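Presented below is the structure to which this report refers.
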There are 2 protein chains.
Amino acid sequence: MLKLSKKVEYGLIAIRHIASLGNQISTVKEIAERYNIPNELLAKVMQKLAKGKVIYSYQGSLGGYTLARAADQISIMDVIHVIEGTQPAIAECLGKIEHTCSVYDNCTIKNPLEKIQYNLEQVFSSMKVSEIV
Amino acid sequence: MLKLSKKVEYGLIAIRHIASLGNQISTVKEIAERYNIPNELLAKVMQKLAKGKVIYSYQGSLGGYTLARAADQISIMDVIHVIEGTQPAIAECLGKIEHTCSVYDNCTIKNPLEKIQYNLEQVFSSMKVSEIV
DNA sequence: AACATATCCGACTGGAAAAGTCCTATTTAT
DNA sequence: ATAAATAGGACTTTTCCAGTCGGATATGTT
Ligand code: SF4
Ligand code: SF4
């Protein structure tokens, strides 16, 4: 509960890695070995980050990844959002149209939770990758 | 990911309910029906909250629960902590002694995540149940 | 042209955690 | 005695996440 997913952690580690090397092109294999991360899983993460324009990808041999923008322009929130595919929500009903929660109609904490949600977003948005290098 | 558990939500709803009724004694049945929450599950939650001294329990017929202290003295964090049994951690390695994460030794984001963790704790601790009544 | 080394991407599996259920014991007002 | 409530262990079901596998595509090197 309230835990970041491994994917996000791996993504952050990878981005930090590339940044710390002066945005040199880096491969999945290199990063996975360096940090003891499952290769295939990290590969997926990098693909998502590339699709989300957080990093650039270079195919073929000598290929790899570089950051798409400066480390102080990438927030933790960006990484979460791109990897998870959605804005992180503290409750399943927040930010969705279809409401599957049985409590929904009588729920008295929706609005307060939205306020908390906003505060959490602030925390994640204000922290940039540059601060973890 | 980053979602509150249903248990915590149910707990918050129940506490808010009791508070909104001027700390009148309330039963699980009454609350579960009112908000369409599974009875047995809410019962478990209330038992934990009672054990954690957030609410008082009264057994026997005419029994039920009341708050153990004023609503502005109960933080969201209290509720999370008591129901989950542990301090919520944003990463599995934070606040534990045994480290099961394969990355641990080479992890470069542990410390930054601790900072985020601290900020999140602030958010949850500063918000009191009285603010959601 | 052949090869090696990369990224790309969908499908799949296994396991852990969350959500919910069931059953029985105990307490207490009437 | 009975009814209505909490107490609490054991269990099942569901959902989500981490990790794996297989094969396609791109590209530099020889
Ligand atoms: S409706 Fe209330 S209980 Fe259901 S998810 Fe939204 S906030 Fe949580
Ligand atoms: S070690 Fe690094 S990766 Fe592993 S859990 Fe702690 S923070 Fe996440």
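As the structure is a prediction and not an experimental result, all values here were calculated from the model. Within every chain, numbering begins at 1; the chains are lettered A, B, ... in the order of the sequence lines, protein sequences first and strands thereafter. All heavy atoms count here, side chains included; hydrogens, waters and symmetry mates do not.
- The S61(A) side chain lies nearest to dT27(D) when the options are dT7(C), dA18(C), dT27(D).
- Nucleotide dC17(D) holds its P atom 10 Å from the CG atom of L2(B), rounded to whole Å.
- Separating the OH atom of Y65(A) from the P atom of dA6(C) is a distance of 12 Å, rounded to the nearest angstrom.
- DNA chain D is contacted by both S102(B) and G64(B); G64(B) maps to the nucleotide lying nearer its 5′ end (nearest heavy atom per residue).
- Using a distance-only test at 3.5 Å, with no hydrogens or angles considered, no donor-acceptor pair links the side chain of S125(B) to the main chain of Q122(B).
- In this entry the distance linking CD1 of I25(A) with C1' of dA26(D) reads 13 Å, nearest Å.
- Aromatic ring orientation, H17(B) versus Y35(B): perpendicular (interplanar angle above 60°, classes split at 30° and 60°).
- One N or O on the side chain of Q117(B) and one on the backbone of P88(B) form a donor-acceptor pair closer than 3.5 Å.
- Rounded to an integer number of Å, the gap from E92(B) CD to dC16(D) C1' is 16 Å.
- The distance between atom NZ of K6(B) and atom C1' of dC16(D), rounded to the nearest whole Å, is 15 Å.
- Rounding to whole angstrom units, NZ of residue K7(B) and C1' of dG20(C) are separated by 10 Å.
- A sub-4.0 Å separation between OP1 or OP2 of dC8(C) and a side-chain N or O of S57(A) is present.
- Contacts with DNA chain D (heavy atom under 4.0 Å) in residues 33-50 of chain A: P38(A), E40(A), L41(A), K44(A), listed by number.
- With dC8(C), dG8(D), dT27(C) as the choices, the nucleotide that has an atom nearest any side-chain atom of Q59(B) turns out to be dT27(C).
- Under a 3.5 Å cut-off, the side chain of N39(B) and the backbone N or O of A32(B) do not form any donor-acceptor pair.
- Checking I74(A), I55(A), V45(A), V54(A) one by one against V82(A), the side chain to side chain contact (heavy atoms under 4.5 Å, CB included) holds for a single residue, V54(A).
- Side chain of K7(B) to main chain of L4(B): no donor-acceptor pair is present (N/O by atom type, distance under 3.5 Å, no hydrogens or angles).
- Under the salt bridge (charged side-chain N to carboxylate O under 4.0 Å, His left out) rule, D78(B) has a single partner from K48(B), K53(B), R69(B), which is R69(B).
- Distance from the side chain of Y10(B) is smallest to dG20(C) among dA29(C), dG20(C), dC9(C).
- Comparing Y58(A) and M1(A) against DNA chain C, the residue whose closest nucleotide sits nearer the 5' end is Y58(A).
- Counting to the nearest Å, the C1' atom of dA18(D) and the CD atom of E84(A) are 12 Å from each other.
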